[in-house]
**Q** 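Next up is a structure, given as structure tokens.
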Amino acid sequence: MQRVRVSAHQASVQKLGDSQITLSPKFRLAAWQSSSLLNQTSESEFTPCVEPLIPGLPDDIALNCLLRVPVASHSSCRVVCKSWHLLLGSKERFFTARKESGLRDPWLFIFAFHKCTGKVQWEVLDLTSFSWHTIPPMPGKDRDCPYGLRCIPIPFEGSLFVCGGMTSDMDSPLDLVVKYEIHKNRWSVMNRLLTARSTFASGVIDGYIYVAGGNSADLLELNSAEVLDPSDGKWRPIANMGAHMASYDSAVLNGKLLVTEGWLWPFLFSPRGQVYDPKSNSWETMAAGLREGWTGSSVVIDGHLFVVSEHERMKLKVYVMETDSWETVPGAPVPEQICKPFSVNSRGCTIYIVGCNLHVAIGHLRRLREKSNQKVFVQWQVVDAPKEFSDLKPLNSQVLIA
């Protein structure tokens, strides 16, 4: 297991030569200065600089270098000159420039609360440089109660929806929906849910956001479900679930929404599960092996459902649809530095587990040789969080691309 230590004040140096970089020979400083980045800057605030961005480098290459500077280092870098201040003085301008340059890197957004004060906050981990920064607080005075809401990402659009939850007295569910856009670095209040709900299932299928079940007032369980079309911002009802149930976890697999109500250990009853097919707008009961072996938080990678089990020595396991059974993935269990409660997310063939104090375990799925019966195994590394996060616990984590 590889372990990475990260300082809150020093950021790792990133390497050039990323295959995702797209450089244009016409992309020069003069063109950049006249782009939409500067529409909010008056002539009195900006005077074209005749000096190169970085002496000895063409401006297009220099700009791509600056667009890779960790956000944690912006405050010190923007005092170098007016052009650097213009680019790095605003997260909105910085991420808009990254988008225009075609840079597509992963950022881990972590919704956490302080275990002593109960205050909530968002922390963002740059998964390239392993440096941290914050984003503006979410709107809504009732967000002081962090439980029961759902965070739903649309990763390649760089947007994140936060839906539902509970009021601060934990008595009534919320219908509030807010949206964060990384390229604008701001939150917007969206159309409310049709039904106020907490502790519900959610997922994105073909760009549409689905929510189902959950708790209503007095903790009564719901069977209703609805869908959001992000293009018009409107929620519409869909078929009711086959049961009234709150959700412990959910996942989208093969174009269907899988919802499990969770489990108690040892099992006091067989857990329930439902599967929604948007093509037929119908629900069916989840297969017995799938719902009974779903004993942790899930991610879907390459069309396979993986679960980080909260039992079984915190091992990673994968669902085998053909036999309706689960298999343990070879490799070490989740590193011991990752303590409960934790949140699980993924991108590509990489799993991210955020534990108490916001330490992050990164699990790399590797393919074994073709002659082996096992298809993949997992290797872990740990990214230590800064000491000031020692009283934070994660509620949710999502990967956005920007």
Side-chain angles (χ1 to χ4, degrees), residues 147-148 150 197-205 210-215 219-225 239-278 280 282-334 338 340-346 351 353 355 361 363 365 373-378 396:
Y147 297 101
R150 286 293 179 261
R197 62 184 79 223
S198 65
T199 319
F200 53 94
S202 63
V204 178
I205 304 175
Y210 293 84
V211 300
N215 289 320
L219 300 180
L220 297 176
E221 294 178 341
L222 296 165
N223 71 343
S224 64
N240 286 348
M241 304 175 68
H244 292 76
M245 56 184 287
S247 171
Y248 165 78
D249 194 21
S250 58
V252 173
L253 182 65
N254 298 327
K256 298 180 180 181
L257 178 64
L258 280 56
V259 182
T260 174
E261 70 173 347
W263 36 268
L264 294 176
W265 191 266
F267 285 129
L268 301 179
F269 54 86
S270 178
R272 295 177 299 172
Q274 295 290 312
V275 179
Y276 175 73
D277 185 350
S280 60
S282 62
W283 293 85
E284 62 182 20
T285 301
M286 184 182 294
L290 175 56
R291 67 176 186 264
E292 291 178 3
W294 197 324
T295 55
S297 300
S298 67
V299 292
V300 175
I301 297 176
D302 194 23
H304 297 280
L305 180 68
F306 292 82
V307 160
V308 180
S309 180
E310 295 195 18
H311 301 286
E312 301 153 311
R313 297 179 56 244
M314 298 281 284
K315 295 278 285 186
L316 182 68
K317 59 184 184 180
V318 60
Y319 177 65
V320 182
M321 186 176 299
E322 293 76 11
T323 59
D324 189 28
S325 61
W326 294 82
E327 293 181 357
T328 300
V329 176
V334 176
I338 307 303
K340 300 177 185 178
F342 56 73
S343 175
V344 183
N345 208 269
S346 67
I351 299 173
I353 305 178
L365 291 181
N373 292 328
Q374 297 287 351
K375 296 181 180 180
V376 296
F377 70 101
V378 63
N396 200 285

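Small disclaimer: the values here were computed from a predicted structure and weren't measured.
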**Q** Show me the side-chain donor-acceptor pairs of residues 298-307 shorter than 3.5 Å, one per line, residues at least two apart or across chains.
**A**
unit_1: Ser298; atom_1: OG; unit_2: Asp249; atom_2: OD2; d: 2.8
unit_1: Asp302; atom_1: OD2; unit_2: Arg367; atom_2: NH2; d: 3.2

**Q** The criterion is salt bridge (Lys or Arg N to Asp or Glu O under 4.0 Å); which residues satisfy it with Arg272, sequence neighbours excluded?
**A** Glu221, Glu261
**Q** Does any part of the side chain of Leu220, heavy atoms only, come nearer than 4.5 Å to the side chain of Asn215, both counted from C-beta?
**A**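 The answer is no, as the side chains (C-beta and beyond) never meet within the 4.5 Å cut-off.
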**Q** Side-chain contact, heavy-atom cut-off 4.5 Å: Leu316 with Ile351?
**A**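 Heavy-atom side-chain distance check passes, below 4.5 Å.
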**Q** With sequence neighbours excluded, tell me which residues meet side chain to side chain contact (heavy atoms under 4.5 Å, CB included) with Asn254.
**A** Met321
**Q** With sequence neighbours excluded, tell me which residues meet ring pair (Phe, Tyr, Trp, His ring centres under 6.0 Å) with Phe342.
**A**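 If we apply the ring pair (Phe, Tyr, Trp, His ring centres under 6.0 Å) test to Phe342, skipping adjacent residues, there are no hits.
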**Q** Mind checking side chain to side chain donor-acceptor pair (under 3.5 Å) for Ser247 and listing every partner two or more places apart, or none if nothing turns up?
**A** none
**Q** Does Arg150 use its side chain to pair, donor to acceptor, with the backbone of Phe200 at less than 3.5 Å?
**A**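 Yes, because the side chain of Arg150 sits within donor-acceptor range (under 3.5 Å) of the backbone of Phe200.
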**Q** Apply the test side chain to side chain contact (heavy atoms under 4.5 Å, CB included) to residues His244 and Leu222: give CA-CA distance (whole Å), side-chain angles for both, the deciding distance (0.1 Å), then the verdict.
**A** CA-CA 5 Å; His244 292 76; Leu222 296 165; 5.6 Å; no
**Q** Please list, chain by chain and in numerical order, all residues satisfying side chain to side chain contact (heavy atoms under 4.5 Å, CB included) with Val275, sequence neighbours excluded.
**A** Lys256, Leu258, Glu284, Met286
**Q** Using atom types as modelled and distance alone, determine if a side-chain donor or acceptor of Lys315 lies under 3.5 Å from a backbone N or O of Val334.
**A**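 Not confirmed, Lys315 side chain does not pair with Val334 backbone.
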**Q** Using the salt bridge (Lys or Arg N to Asp or Glu O under 4.0 Å) criterion, which residues pair with Lys317? Sequence neighbours excluded.
**A** Glu312
**Q** Looking at residues at least two apart in the chain, or sitting in another chain, which of them share a side chain to side chain donor-acceptor pair (under 3.5 Å) with Glu310?
**A** Tyr248
**Q** Who pairs with Thr285 by side chain to side chain donor-acceptor pair (under 3.5 Å), at least two apart in sequence or on another chain?
**A**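 Partners of Thr285 under the side chain to side chain donor-acceptor pair (under 3.5 Å) test: none.
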**Q** List in chain and number order the residues that pass side chain to side chain contact (heavy atoms under 4.5 Å, CB included) with Ala287, two or more places apart in sequence or in another chain; answer none if no residue qualifies.
**A** Leu290, Tyr319, Asp324
**Q** Can you list everything that forms a side chain to side chain donor-acceptor pair (under 3.5 Å) with Asp277? Sequence neighbours excluded, please.
**A** none
**Q** Main chain of Gly296, side chain of Ser309: is a donor-acceptor contact present, judged purely on distance under 3.5 Å?
**A**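 No.
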**Q** Please list, chain by chain and in numerical order, all residues satisfying side chain to side chain contact (heavy atoms under 4.5 Å, CB included) with Ala212, sequence neighbours excluded.
**A**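 Per chain and number, Ala212 pairs via side chain to side chain contact (heavy atoms under 4.5 Å, CB included) with Ala225, Met241, Trp283.
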